[in-house]
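See structure below.
All chains are named by letter (A, B, ...) in the order of the sequence lines, taking the proteins before the strands, and each is independently numbered beginning at 1. From a predicted model like this one, the values you see are computed outputs, not experimental measurements.
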2 protein chains.
Amino acid sequence: MTTPVLDLAFAALSDPTRREIVQRLAKGAARVTDLAQPFDMSFNAVSKHVMVLERAGLVRRTRAGREHHIALDPKPIRRIAGWASRYERFWSDRLDKLEAFLKANRKRD
Amino acid sequence: MTTPVLDLAFAALSDPTRREIVQRLAKGAARVTDLAQPFDMSFNAVSKHVMVLERAGLVRRTRAGREHHIALDPKPIRRIAGWASRYERFWSDRLDKLEAFLKANRKRD
DNA sequence: GCTATATTCAACCCATAGGTTGAATATATG
DNA sequence: CATATATTCAACCTATGGGTTGAATATAGC
């Protein structure tokens with residue numbers, strides 16, 4: 001049951017810098033330079049972060065001359081949302097149990 | 001904008017073994033021994049995985065004698081679902097654009 | 001053609017992650 | 001009490017992550 005998509009997506013998003021980059025990209029595509037600008041770290045570090053996001057499929061790159069256009073690909077995030085949604089049932093179950101418990105207590109009042 | 005909750009949750013869930021453990025725990029609490037049983041790795045390795053999940057808040061531990069009862073705490077998963085849901089708008093935006101594009105083409109037919 | 005810009009590649013550093021094995025600790029059980 | 005069971009702690013190993021700096025590569029602009 002190897003699901004490298006989730007492995008890579010979760011790992012990529014565990015870094016706050018990369019989550020900020022994703023958030024930034026949700027507002028539109030950008031060059032690597034643009035993405036690096038807000039951060040207090042080397043351009044190369046950000047370039048590496050972008051590569052990690054790309055390898056995880058969270059981002060797509062199109063080359064336009066010397067500039068690389070980085071765009072968000074939300075599919076892996078969707079996968080994560082799907083994975084997480086499995087547990088909504090679990091949440092409801094717990095709520096149901098709590099509700100049942102409160103109901104039972106109310107009867108005794 | 002430090003959100004260690006998401007950092008830890010995403011990191012914890014990036015490991016397939018830990019995701020399997022979470023999935024298992026969705027069916028009910030279990031001892032560490034029970035959790036380790038299906039895996040082809042040392043008990044200690046699984047124990048460590050459980051500790052990682054605990055540190056990330058994905059799991060709660062209650063001691064009953066020598067046995068530790070491990071139960072799923074779905075709150076961090078909820079946080080992740082919330083984070084991912086921010087991008088639903090982005091997905092819809094892209095779908096809207098696609099729809100608009102198709103509509104425009106239909107007009108030309 | 002020369003220089004500036006955008007980007008990756010490569011080597012390195014240090015910390016952490018995931019795994020192992022071997023104690024240590026605490027609680028059950030005969 | 002002695003032994004078996006459930007679990008963590010500790011030390012170790014190797015691989016990977018996130019950061020740095022210093023090239024190398026490719027394209028743009030004068």
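Look at His68(A) and you'll find a side-chain N or O under 4.0 angstrom from OP1 or OP2 of dT8(C). The side chain of Arg31(A) places an N or O atom within less than 4.0 Å of a non-bridging phosphate oxygen (OP1 or OP2) of dA6(C). For the OP1/OP2 pair of dT7(D) and a distance below 4.0 Å, the side-chain nitrogens and oxygens of Arg61(B) include no atom meeting the criterion. Residue Ser42(B) places at least one side-chain N or O under 4.0 Å from the OP1 or OP2 atom of dT20(C).
The distance from atom NE2 of His49(A) to atom C1' of dT8(C) is 16 Å, rounded to the nearest whole Å. What separates CZ of Arg55(B) from C1' of dT16(C) is a distance of 10 Å, to the nearest Å. dG22(C) atom P lies 17 Å from atom CZ of Phe43(B), rounded to whole Å. Remark: P of dT8(C) and CD of Glu54(A) are 8 Å apart, rounded to the nearest angstrom. Atom pair Met51(B):CE and dG19(C):C1' shows a separation of 13 Å (rounding to whole Å applied). Between Asp15(A) atom CG and dA17(C) atom C1' the separation is 15 Å, expressed in whole Å. Rounded to an integer number of Å, the gap from CG of Asp7(A) to P of dA17(C) is 16 Å. Atom P of nucleotide dG17(D) and atom CG of Leu13(A) are separated by 14 Å, given to the nearest angstrom.
Residues Thr33(A) and Glu67(A) form no side-chain contact, since every pair of their non-hydrogen atoms from C-beta on lies 4.5 Å or further apart. Using a 4.5 Å heavy-atom cutoff, the side chains of Met41(B) and Thr17(B) are in contact.
Of the two residues near DNA chain D, Arg18(A) and Ala64(A), the one whose nearest nucleotide lies more 5' is Arg18(A).
With hydrogens and angles ignored, a donor-acceptor pair under 3.5 angstrom links the side chain of Arg66(A) to the base of dT5(C).
Closest contact between the side chain of Glu67(A) and the listed nucleotides dA6(C), dA6(D), dT8(D) involves dA6(C). For Thr33(A), the listed nucleotide lying nearest its side chain is dT7(C); candidates were dG19(D), dG19(C), dT7(C). Checking dT7(D), dT20(C), dG19(D) against every side-chain atom of Lys48(B), the shortest atom distance belongs to dT20(C). Proximity note for Ala45(A) (side chain, C-beta onward) versus dA4(C), dT20(D), dA11(D): the nearest is dT20(D). Counting only heavy atoms from C-beta on, Asn44(A) has its side chain closest to dC9(C) among dT8(D), dC9(C), dG18(D).
Cluster membership check: Tyr87(B) shares its hydrophobic cluster with Leu6(A), using side-chain heavy-atom separations under 4.5 Å among Ile, Leu, Val, Met, Phe, Trp and Tyr.
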Problem - Full working for side chain to side chain contact (heavy atoms under 4.5 Å, CB included) between Val59(A) and Ile21(A) - result: CA-CA 10 Å; Val59(A) 133; Ile21(A) 292 175; 5.7 Å; no

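For Arg55(B), the CZ atom counts as loosely surrounded, since its 6.0 Å shell holds 12 or fewer non-hydrogen atoms of other residues, nucleotides or ligands.
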